[in-house]
Amino acid sequence: MKEDRSNKYMNPYLAGFLIGLMLIAAYYFSGEGLGGSGALKKVAIAAVNTVAPEYTHEAAYFAPSVENGKSPLNSWLVFEVIGVILGALLSAAYYGRLSMKVGKSPKITNRTRLIAALAGGILWGVGSQLGRGCTSGLIMSGMAVNALSGYIGLAAVFGGGYLFAYFFRKLWI
Amino acid sequence: MGPLYPQGLISEPLNLLIALFIGIGFGIGLEAGGFTNTRKLAGVFYGYDFVVLKVFFTAALTGAIGLFLLDNYGLMDIELTFYPKTFWIPTTIAGIIMGLGFIIGGFCPGTSVCAAFTGKIDGIYFVIGAFIGILGYGFTYEPLFEKLRNSGGLGKANIAAELGISDELFIFIVTVFAVVAFIVANKIQQKVNSKNPVENIEELGL
C-alpha cells in the first residue's frame, strides 16, 4: 500500500529557506520581490479592460496598467503566480493532497467557513490595494531589503491579527 | 552584476520565464510547508501551530542575508531593484484590515491561490472575495481611497537608516529575535497542545 503523506509537511525552516532562495533569485534576476495580490490585481484589471476599455483608460486606478497598449496580464507577477500554482499542484500531488474539500475547524459548519473565507478575501482585496501589497509583496519582500514599509506592514497585519483573534476564536478553536 | 533585467542584461521573455520558475519554487515551498491548510495558518494566532512564524521569518531573513551579502560583495546593487516606498498611514490602516481578514478568512492572497488550485473550496471562496475586494476598491478609488493611499509618504525609507544603524547590524538583531521567537513558540505550542489540543490535531501534521 502507498504511504499516506496527506498530513505530512516539509520541515518549516527548510520550506522557509527554499522560499528565501526564490526571493533572492527574484531580486537578482528581475529586480522584483515575490508577490501574491499583484497578480490578482492584473487579472481583475484585464477582465474589466475586456468589458469596458473606455472606462479603464480613464479611471485613475486602472489606467496605469493599460495605457501602454499591452495586456495587463503580460507582467512578471502574473507569470510568477502561474508558477506558484504549478508548484503548489506538484507538491500537493506528491503529498497526495489533491482533493476537493473545505478546510476548517471541525467545530464550525462548511457554510460558516465559506462565508468567513469570502469575507476575509474581500478584506484582503481592499487591504492589499490600499497597502501596496500583501504578506508576500509588502511584508516579506520588504523585509528582505530592510524596507520600512515591510516592517510597518508586519506590525500592522500580525498586530491586527492578534488584536482581533479573541473575537473570532470560535472559528478556529 | 545584478539585478539583471532592470539593467537590460537579460531579455523580457527570459525574465518572464525566470518568473515562472521562481514561482514554481515559491509554490512548492508554500504547499509543502502547509500553507494551503487554513487551520495551520490560523494556528499562529491561537498558539497551536506556529508554522507561519517559522516559514515566514526563515524566508524573509534568508532573503535579507543573501541580498545584503550579494550587495556587499558587489554582485548586486539593491538600489536598482524594485525598492518599496513607504507610506506609513495607508500601510498601517491596510495592515490592520488585512490582519482582520487573516483572522476571519484564514488565508492571505498567495496562500489562497495555492489552496484554491489544489482543491480547497474555502480557498476558492477566498480568491473570489479577493477579486470582489480589488474591484470594489478599483471602482471607488478616486472618491474614497486616492488621497488616503498617497498620504504619509516617506520615500524609499530603509528601517536600518531610520534607526541610525547599519543594514548588517539590523539584520543580525532581527535574526537573534527570530531564533528566540522560534524557541519560545515551540514551548508555547507544546504547552497549548498538551493541555487543550484542538480537535483532529493529527490533520496539522505537527
Side-chain angles (χ1 to χ4, degrees), chain A residues 7 9-10 12-13 15-16 18-20 22-24 28-31 36-37 44 61 76 79-80 83-85 87-88 91-92 100 102-103 106 114 116-118 120-127 129-131 134-136 140 143-144 146-149 152-153 156-157 160-161 164-165 168 172, chain B residues 2-3 5-6 16 18-20 22-29 31-34 38 42 45 54-55 58-60 62-64 66 81 84 86 91-92 94-99 101-105 108-110 114 117-119 121-122 125-126 129-130 133-134 137-138 141 157 159 199 205:
Chain A
N7 288 337
Y9 298 97
M10 188 187 273
Y13 305 112
L18 171 65
I19 295 171
M22 295 302 119
L23 192 49
I24 297 169
Y28 180 79
F29 288 105
S30 309
S37 58
Y61 173 77
W76 197 91
F79 279 79
E80 178 238 18
V84 167
I85 293 167
S91 171
M100 295 296 283
V102 178
L114 295 179
L118 187 77
I122 294 172
L123 289 166
W124 274 101
V126 173
Q129 299 312 299
L130 181 61
C134 58
T135 326
S136 336
M140 189 173 71
M143 284 170 71
N146 280 357
L148 179 61
S149 59
I152 294 176
V157 171
F164 298 118
F168 294 96
W172 305 105
Chain B
Y5 180 69
L16 295 179
I18 288 169
L20 188 77
I22 287 172
I24 291 174
F26 187 22
I28 290 174
E31 206 288 335
T38 189
F45 294 110
K54 295 172 188 169
V55 174
T58 308
T62 301
T81 65
T86 298
T91 299
T92 304
I96 294 169
I97 294 172
M98 291 188 273
F102 206 154
I103 280 295
I104 297 177
C108 58
C114 293
F117 278 88
T118 55
I121 300 164
D122 47 319
Y125 273 67
F126 187 103
I134 289 169
Y137 176 94
Y141 177 65
I159 188 166
E199 277 184 49

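So that the names make sense, note that chain A is the first sequence line, chain B the second, and so on, each numbered from 1.
Interface residue A:L114: backbone and side-chain heavy atoms are both found under 4.5 Å from chain B. Only the side chain of B:Y141 comes within less than 4.5 Å of a heavy atom in chain A; its backbone stays farther off. Residue B:I18 touches chain A through its side chain alone, counting heavy-atom pairs closer than 4.5 Å. Heavy atoms closer than 4.5 Å to chain B are found in both the backbone and the side chain of A:S37.
Of the residues considered (B:G205, B:G25, B:G101), B:G101 shows the highest number of contacts with chain A, using heavy-atom pairs under 4.5 Å. In terms of heavy-atom pairs under 4.5 angstrom with chain B, the leader among A:L118, A:I24, A:V126, A:N146 is A:N146. Contact count against chain A (heavy-atom pairs under 4.5 Å) is highest for B:A32 among B:A32, B:G34, B:A94. Contact count versus chain A (heavy atoms, under 4.5 Å) is highest, among B:A59, B:G2, B:P84, for B:A59. Each of B:G29, B:C114, B:A130 has some count of heavy-atom pairs under 4.5 Å with chain A, and the biggest count is that of B:A130. Of the listed residues (A:A147, A:C134, A:G36, A:G153), the one with the most heavy-atom contacts under 4.5 Å to chain B is A:A147. Ranked by heavy-atom pairs shorter than 4.5 Å toward chain A, the options B:A157, B:A42, B:G138 are led by B:G138. Residue with the most contacts toward chain A among B:T81, B:I96, B:I159: B:I159 (heavy-atom pairs, distance under 4.5 Å). Of the listed residues A:A116, A:A15, A:G160, A:G131, the one with more heavy-atom pairs under 4.5 angstrom with chain B than any other is A:A116.
Of all non-hydrogen atoms in A:F29 and B:P6, the two that sit nearest each other are O-CD, 4.2 Å. Between B:T91 and A:A156, the closest heavy-atom pair is O-CB, 4.2 Å. Shown here for A:M22 and B:F26, the closest heavy-atom pair between the two residues is CG-N, 3.7 Å. Across every non-hydrogen atom of A:T135 and B:C108, the tightest pair is OG1-CB, 3.2 Å. Between A:M143 and B:A64, the closest heavy-atom pair is O-CB, 4.0 Å. The shortest heavy-atom contact between A:A92 and B:T118 is CB-CG2, 3.6 Å.
Between the side chain of B:D122 and the backbone N or O of A:A117, no donor-acceptor pair lies under 3.5 Å. In terms of modelled atom types and a separation under 3.5 Å, the side chain of B:T86 and the main chain of A:S149 share a donor-acceptor contact.
Between B:F102 and A:L123, the closest side-chain pair of non-hydrogen atoms is not below 4.5 Å.
Distance check: B:T62 OG1 to A:I19 CD1 gives 9.5 Å after rounding to the nearest 0.5 Å. Atom CZ in B:F45 sits 10.0 Å away from atom CH2 in A:W172 (nearest 0.5 Å). If you take CG on B:L16 and CZ on A:F79, they are separated by 5.0 Å, rounding to the nearest 0.5 Å. Distance check: B:L20 CG to A:I85 CD1 gives 10.5 Å after rounding to the nearest 0.5 Å. Atom OG1 of B:T92 and atom CG of A:L130 lie 10.0 Å apart (nearest 0.5 Å). Residue B:I22 holds its CD1 atom at 8.0 Å from CD of A:E80, rounded to the nearest 0.5 Å.
Taking the six-membered ring for Trp and thresholds of 30 and 60 degrees, B:Y137 and A:Y61 have ring planes more than 60 degrees apart, a perpendicular arrangement.
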- request: Test side-chain contact (heavy atoms from CB on, under 4.5 Å) on B:F126 and A:W124 and set out the steps.
  value: CA-CA 9 Å; B:F126 187 103; A:W124 274 101; 3.1 Å; yes

